[in-house]
Amino acid sequence: MDSRSSSDGLNSTPDSSSSPTSSPSSAVQRALQLIQSDNQDSKLQGAQEIRRLTKTSHRCRRQLSASVGPLVAMLRVPDSTESHESALLALLNLAVKDETNKIKIVEAGALEPIISFLESQSSNLQEYAAASLLTLSASAVNKPIIGSSGAIPLLVETLRHGSPQAKVDSVMALSNLSTHPSNLTIILEAKPIPSIVTLLKPCKKSSKTAEKCCALIESLVGFDEGRTALTSEEGGVLAVIEVLENGSLQSREHAVGALLTMCQSDRCRYREAILKDGVIPGLLELTVQGTPKSQTKAHTLLHLLRDSPYPRSELQADTLENIVCNIISQIDGDDQSGKAKKMLAEMVQVSMEQSLRHLQQRALVCTPTDLPISTCTSEVSLK
């Protein structure tokens with residue numbers, strides 16, 4: 001099957017040799033004739049041709065848009081796995097990076113048979129169905145339609161019991177669907193968090209799979225049921241912390257966002273659960289090396305994790321060093337405490353170096369005529 005890489009579905013390389021409005025080629029015309037034929041063998045051949053032509057060509061996706069109806073009809077042919085697979089793969093390629101075709105496929109009634117294929121005994125058909133829902137769910141127009149179609153519980157079931165590829169595509173489809181508010185409660189009701197954690201634990205923490213798992217977890221822990229499910233699952237919080245430490249920049253942002261949401265919802269309930277799994281080193285690194293959003297969230301979470309959440313007096317300033325030292329003093333175990341202290345020292349060093357580089361860059365462009373003298377001083381403000 002064609003490889004997948006993004007929330008839109010398949011990898012593709014747009015064909016820039018012709019514009020989407022140029023005349024259909026003889027191959028496109030032939031494929032349309034075959035798919036519109038009354039002969040089932042011809043239809044099968046046509047679906048296979050459409051799949052081939054649309055694999056990398058956006059121009060062909062546009063010109064073959066008229067094949068959507070006949071292809072969807074093939075999905076309904078009884079007891080014909082070969083027809084189902086060929087039609088599904090052709091529709092999948094038609095939908096990649098083409099918003100119009102995504103919407104047209106759903107409007108043509110493809111969801112009902114596609115959803116039924118999630119329960120197929122054929123692992124290939126199940127995988128193709130999950131991949132199709134992943135691709136179709138990238139459309140904002142389709143999200144509420146898919147959410148109300150009954151697909152979500154079956155996607156969660158596929159996440160539990162499907163093939164490895166079907167599990168990955170299911171969690172990515174659920175992540176896409178979760179960005180529509182009305183779908184979140186439906187996802188929660190299907191109780192997906194144990195299966196998300198099971199998928200997240202062994203996967204590479206810098207992978208797209210880890211990013212989508214953490215994005216989905218971040219959305220779900222906005223609800224009490226989601227927070228309870230994550231902390232009840234053995235290794236659930238730890239898996240999120242591992243992404244915070246070793247994930248991509250976007251994954252780490254989702255991970256710290258999830259932990260912060262939990263702590264802000266009920267600090268007393270979740271503070272200890274987050275601290276005991278060793279979150280401090282990763283948070284310290286994130287305050288320096290994360291995205292701007294990650295840095296802000298990491299600082300806020302460090303504030304919440306200290307012994308007292310309330311502001312200190314002016315004599316005990318709320319510097320990051322004081323906050324972290326307060327937390328470190330409460331951590332059990334020399335190894336974890338020592339690692340946190342080392343990370344704090346490294347973080348301060350990096351922060352100083354960044355500030356000095358920033359000062360040097362400002363000095364290079366600073367002149368007495370265009371900036372006040374006070375902006376060219378040697379004073380360094382550590383953040």
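Start at 1 with the first residue, then count along the sequence.
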**Fill in**
Sorted by chain and residue number, the salt bridge (Lys or Arg N to Asp or Glu O under 4.0 Å) partners of D266 (sequence neighbours excluded) come out as none
**Message:** Distance alone, cut at 3.5 Å: any donor-acceptor contact between the side chains of Q126 and S120?
**Reply:** no
**Request:** Show the numbers, then the answer: is there a side chain to side chain donor-acceptor pair (under 3.5 Å) between S86 and R51?
**Result:** CA-CA 8 Å; S86 296; R51 178 195 177 192; over 6 Å; no
**Item:** D169 (side chain) donor-acceptor with L134 (main chain) under 3.5 angstrom
**Value:** no
**Item:** Those residues that, when tested against S37, pass side chain to side chain donor-acceptor pair (under 3.5 Å) (two or more places apart)
**Value:** none
**Prompt:** Is the backbone of S175 close enough, under 3.5 Å, to the side chain of K212 for a donor and an acceptor to pair up by distance?
**Reply:** no
**Message:** Between T296 (side chain only) and P292 (backbone N and O only), is there a donor and an acceptor less than 3.5 Å apart?
**Reply:** yes
**Message:** When you measure from the side chain of K102 to the backbone of A95, do you find a donor-acceptor pair of N or O atoms at a distance under 3.5 Å?
**Reply:** yes
**Asked** Is there a donor-acceptor pair closer than 3.5 Å between any side-chain N or O of E127 and the backbone N or O of Q165?
**Response** no
**Donor-acceptor under 3.5 Å (K143 side chain, N176 main chain)** = yes
**Request:** Look only at the side chain of R61 and the backbone of T54, and say whether a donor-acceptor pair between them is shorter than 3.5 Å.
**Result:** yes
**Prompt:** Would you say N101's side chain and S65's backbone share a donor-acceptor pair under 3.5 angstrom?
**Reply:** no
**Request:** Identify, with sequence neighbours excluded, every residue that meets ring-ring contact (aromatic ring centres under 6.0 Å, His included) alongside H84.
**Result:** F117
**Item:** Spacing of CD belonging to E119 relative to CG belonging to L125, to within rounding of 0.5 Å
**Value:** 11.5 Å
**Complete:** Shortest non-hydrogen pair, L216 vs S178, comes out as CD1-CB, 3.6 Å
**Prompt:** Do any pairs count as a salt bridge (Lys or Arg N to Asp or Glu O under 4.0 Å) and have a residue in residues 197-206, sequence neighbours left out, and if so which ones?
**Reply:** K205-E242
**Request:** Could you tell me which residues satisfy salt bridge (Lys or Arg N to Asp or Glu O under 4.0 Å) with E157, sequence neighbours excluded, listed by chain and number?
**Result:** R160
**Request:** Taking side chain to side chain donor-acceptor pair (under 3.5 Å) as the test, write out the residues that go with S248, two or more places apart.
**Result:** S251
**Asked** Do Q295 and T287 have side-chain N/O donor and acceptor atoms under 3.5 Å apart?
**Response** no
**Prompt:** Is the count of non-hydrogen atoms from other residues, nucleotides or ligands lying under 6.0 Å from Q264 atom CD greater than 12?
**Reply:** yes
**Request:** Using distance alone, with no hydrogens and no angle criterion, decide if R269 and T228 have a side-chain donor and acceptor under 3.5 Å apart.
**Result:** yes
**Request:** Keeping the roles fixed (side chain from R271, backbone from R306), state whether a donor-acceptor pair exists under 3.5 Å.
**Result:** yes
